[in-house]
Colleague: 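Dumping the structure here so I can ask a few things about it.
Labels below follow one simple rule: chain letters A, B, ... track the order of the sequence lines, proteins then strands, and each chain is numbered from 1. Values below: all heavy atoms of this structure, side chains included; hydrogens, waters and symmetry mates excluded.
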2 protein chains.
Amino acid sequence: MTPRTSAQGRSTATHTATTSVEDYAKTIYGLAEWDGASVTASALAKTLGVSNPSVTLMMRKMAELGLVEHRPYAPIALTDAGRQLALAMVRRHRLIETWLVRELGYGWDEVHEEAERLEHAVSETFVDRLDMRLGHPRVDPHGDPIPGPDLTLDYPETELLCRVPAAAQVRLEQVDDAVPDALLALDTHRVPIGAQVTVTATDGGAVVLSPAGIVGEQAVEGIRLTHEITHAMRVSLIR
Amino acid sequence: MTPRTSAQGRSTATHTATTSVEDYAKTIYGLAEWDGASVTASALAKTLGVSNPSVTLMMRKMAELGLVEHRPYAPIALTDAGRQLALAMVRRHRLIETWLVRELGYGWDEVHEEAERLEHAVSETFVDRLDMRLGHPRVDPHGDPIPGPDLTLDYPETELLCRVPAAAQVRLEQVDDAVPDALLALDTHRVPIGAQVTVTATDGGAVVLSPAGIVGEQAVEGIRLTHEITHAMRVSLIR
DNA sequence: TTGCAGTTTTAGGTGTGCCTAAACCATACT
DNA sequence: AGTATGGTTTAGGCACACCTAAAACTGCAA
């Protein structure tokens with residue numbers, strides 16, 4: 001599951017990649033990674049906000065570039081080179097977000113869009129110097145792990161919040177920075193990354209949370225989160 | 001000479017501008033500004049590294065957008081809106097350069113290319129926050145003045161080094177960051193921005209400099225700069 | 001004044017990345 | 001097994017920004 005990394009890091013493909021190619025690679029990686037599901041053309045189209053035919057065409061192109069495996073009508077998977085490219089983009093994105101929050105006073109809910117544009121414009125040198133200045137952070141402000149310079153990534157053991165059974169005690173580890181509603185919900189209910197909570201009830205993906213440690217009878221107001229939001233959060237199970 | 005600035009700053013044009021349009025506007029402004037000459041299509045083509053017909057086409061487009069005045073076969077000039085856009089880009093460019101040098105440890109000869117890409121990717125918000133963090137600098141590391149948030153710009157009284165007569169005492173005020181040879185020459189001869197020097201001899205644009213204060217007989221090795229390089233520097237006259 | 005040289009524009013064409021509409025396949029259901 | 005329903009691909013086009021080659025204009029000079 002953990003991506004294999006060839007020694008010298010990004011090679012030819014990374015240099016020929018256009019902004020679009022970079023976005024496709026990152027999105028394919030994100031879908032496969034976050035959900036653990038196989039990536040379909042239409043899922044990709046929906047996430048990227050483009051039409052289905054556009055995806056088909058781009059997949060043909062990226063297959064020729066050696067970035068994806070794609071036989072007609074079959075699901076889409078990144079090659080090793082494609083994963084390299086995706087991880088390089090993820091690294092950029094998360095380092096930039098960390099910097100925007102730490103040094104330019106951005107809120108964690110403001111950084112995504114800005115990073116989305118900047119990540120295509122910065123050089124390798126820039127990324128390395130930024131990484132050094134920030135002290136080689138391991139996670140970004142949303143709890144997402146940042147790939148190292150060699151593009152390896154250690155995953156904590158996490159699960160999508162929408163898949164956790166009722167009554168579980170969990171710790172909030174990551175939020176998808178691309179889902180503003182999720183960030184907003186955590187802000188308004190004062191639930192930071194690292195908070196421990198109990199899943200009081202589940203309803204087909206929607207979830208009700210209470211502060212951890214609340215046992216039973218106390219009538220605490222729970223926090224209700226929609227499926228869309230719980231799908232944008234990953235948690236680790238406690239005990 | 002100093003561009004007039006309408007109250008609320010950048011309006012429609014700034015938001016519809018593509019990367020190319022932004023580059024054209026900035027380049028037209030730079031040519032008119034630095035040289036004081038009227039801008040021809042071929043000068044623009046050469047500076048931007050594109051063909052002449054590409055310039056013609058782009059001028060038609062930018063005229064429709066209300067960014068340039070351009071009657072066929074006539075020289076090119078920015079409209080007020082075009083100058084707004086150009087100044088917004090100059091502001092971005094120079095603030096980004098200042099930041100790269102001050103906080104990411106870039107050399108002043110490394111920043112141009114990086115800033116050239118970043119300036120098209122950052123938001124207005126980003127620029128304003130960066131400006132605040134840097135303490136509203138008035139000049140960038142190359143001595144070039146940085147337009148304020150209202151896009152006005154105060155020019156010091158300067159002249160191109162290649163136009164200064166022999167025997168003049170001058171102070172180095174600005175270097176064109178887009179000319180690496182000029183930056184290199186100043187680095188190797190240890191001449192910083194603000195240095196006072198005497199123009200010992202001129203030769204059709206090429207110039208020999210000596211440290212200021214050297215009067216006559218002392219046989220000091222002068223610094224010889226080509227026309228290409230002296231054209232990339234601006235100085236103020238002393239006394 | 002006419003002609004020529006150089007600049008500028010028109011004409012026609014390329015590559016990228018996107019779109020809609022229409023054909024196509026593969027699977028799930030009756 | 002046969003067919004409907006969806007996801008997927010082909011077909012045909014558009015916008016942007018660039019190119020080369022050829023035509024058109026300007027203005028200087030014989």
Side-chain angles (χ1 to χ4, degrees), chain A residues 12-28 31-32 35 37-78 82 85 89 116-117 119-121, chain B residues 12-28 31-32 35 37-78 82 85 89 116-117 119-121:
Chain A
T12 36
T14 310
H15 300 303
T16 52
T18 63
T19 294
S20 284
V21 168
E22 289 175 348
D23 277 336
Y24 275 85
K26 197 184 58 163
T27 305
I28 295 168
L31 286 176
D35 276 337
S38 71
V39 179
T40 65
S42 25
L44 197 44
K46 188 158 69 172
T47 308
L48 284 163
V50 301
S51 73
N52 257 337
S54 299
V55 170
T56 298
L57 253 45
M58 186 54 106
M59 287 310 96
R60 201 202 307 296
K61 178 181 177 175
M62 288 179 71
E64 274 159 22
L65 289 174
L67 295 171
V68 299
E69 305 276 6
H70 175 55
R71 342 186 40 69
Y73 296 97
I76 294 156
L78 290 172
L85 175 57
M89 298 313 296
E116 199 69 21
R117 274 175 286 112
E119 67 191 7
H120 302 295
Chain B
T12 36
T14 309
H15 299 306
T16 52
T18 64
T19 294
S20 286
V21 168
E22 289 175 349
D23 277 335
Y24 274 85
K26 196 183 57 163
T27 304
I28 295 168
L31 285 175
D35 277 335
S38 72
V39 180
T40 65
S42 25
L44 197 45
K46 189 158 68 171
T47 308
L48 285 163
V50 301
S51 72
N52 255 337
S54 298
V55 171
T56 299
L57 252 45
M58 186 54 108
M59 287 311 95
R60 200 201 311 295
K61 177 180 176 176
M62 288 178 71
E64 275 159 22
L65 289 174
L67 296 170
V68 298
E69 306 277 6
H70 175 55
R71 339 185 44 66
Y73 297 96
I76 295 157
L78 290 172
L85 175 57
M89 297 314 295
E116 200 68 19
R117 274 174 285 112
E119 68 192 8
H120 302 294

Colleague: If you only use heavy atoms from C-beta on, which nucleotide in dA24(D), dC24(C), dC18(D) is closest to the side chain of Met58(B)?
Modeller: dC18(D)

Colleague: Would you kindly give the CE-to-P distance between Met62(B) and dC16(D), to the nearest whole Å?
Modeller: 14 Å

Colleague: Quickly work out the Asn52(A) CG to dC19(C) P distance and round it to whole Å.
Modeller: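 Between P of dC19(C) and CG of Asn52(A): 10 Å.
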
Colleague: May I ask you to evaluate whether Tyr24(A) reaches the phosphate of dT16(C), defined as a side-chain N or O under 4.0 Å from OP1 or OP2?
Modeller: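 It does not, given that no N or O in the side chain of Tyr24(A) lies less than 4.0 Å from OP1 or OP2 of dT16(C).
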
Colleague: Quick check for you: among dA17(D), dA11(D), dT8(D), whose closest atom lies nearest to any side-chain atom of Ala41(A)?
Modeller: dT8(D)

Colleague: Given side chains that start at C-beta, do those of Val21(A) and Met58(A) come closer than 4.5 Å, heavy atoms only?
Modeller: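 The answer is yes; the side chains approach within 4.5 Å.
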
Colleague: When you check the phosphate oxygens OP1 and OP2 of dC19(C), does a side-chain N or O of Ser51(A) lie under 4.0 Å from one of them?
Modeller: yes

Colleague: Using only side-chain N and O atoms of Arg60(B), determine if any of them is under 4.0 Å from OP1 or OP2 of dT10(C).
Modeller: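 It does, given that an N or O in the side chain of Arg60(B) lies less than 4.0 Å from OP1 or OP2 of dT10(C).
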
Colleague: What I'd like to find out is whether the side chain of Ile28(B) reaches to under 4.5 Å of the side chain of Met59(B), using heavy atoms alone.
Modeller: yes

Colleague: Would you indicate what Pro72(B) reaches in the nucleic acid, counting non-hydrogen atoms under 4.0 angstrom: base, sugar-phosphate, or nothing?
Modeller: sugar-phosphate

Colleague: Of all the nucleotides listed (dC25(D), dA11(D), dT10(C)), which has the minimum atom distance to the side chain of Pro53(A)?
Modeller: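 Per side-chain heavy atoms of Pro53(A), the pick is dA11(D).
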
Colleague: Answer yes or no: does a side-chain N or O of Thr56(A) lie under 4.0 Å from OP1 or OP2 of dT9(D)?
Modeller: yes

Colleague: Rounded to whole angstrom units, what separation is found between the CE atom of Met59(A) and the C1' atom of dT10(D)?
Modeller: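 Roughly 17 Å, once rounded to whole Å.
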
Colleague: Quick one: on DNA chain C, does Val21(A) or Ala43(B) contact a more 5' nucleotide (nearest heavy atom)?
Modeller: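 The answer here is Ala43(B).
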
Colleague: Does any non-hydrogen side-chain atom of Glu119(A) lie less than 4.5 Å from one of Asp23(A)?
Modeller: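 A side-chain contact exists here, since the closest heavy-atom pair is under 4.5 Å.
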
Colleague: Report the distance from atom NE2 of His70(A) to atom P of dG7(D), rounded to the nearest whole Å.
Modeller: 16 Å

Colleague: dC18(C) phosphate, OP1 or OP2: any side-chain N/O from Ser20(A) under 4.0 angstrom?
Modeller: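 Indeed, a polar side-chain atom of Ser20(A) lies that close.
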
Colleague: Tyr24(B) versus Val50(B): any side-chain heavy-atom pair under 4.5 Å?
Modeller: yes

Colleague: Distance check: side-chain N/O of Ser54(A) vs OP1/OP2 of dG17(C), anything under 4.0 Å?
Modeller: no

Colleague: Just so I know, are the side chains of His120(A) and His120(B) near enough to count as touching, which here means a heavy-atom distance under 4.5 Å?
Modeller: no

Colleague: For the pair made of CG in Leu48(B) and P in dC18(D), what is the distance, rounded to whole Å?
Modeller: 8 Å

Colleague: In whole angstrom, what separates Leu57(B)'s CG from dT20(D)'s P?
Modeller: 14 Å

Colleague: Just call it for Ser42(A): base, sugar-phosphate, or nothing, with non-hydrogen atoms closer than 4.0 Å on any strand.
Modeller: sugar-phosphate

Colleague: Specify the separation, in whole Å, of atom NZ of Lys61(A) and atom P of dC18(C).
Modeller: 9 Å

Colleague: For Arg71(A) and dC24(C), give me the distance from atom CZ to atom P, rounded to whole Å.
Modeller: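 After rounding, the reported distance stands at 21 Å.
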
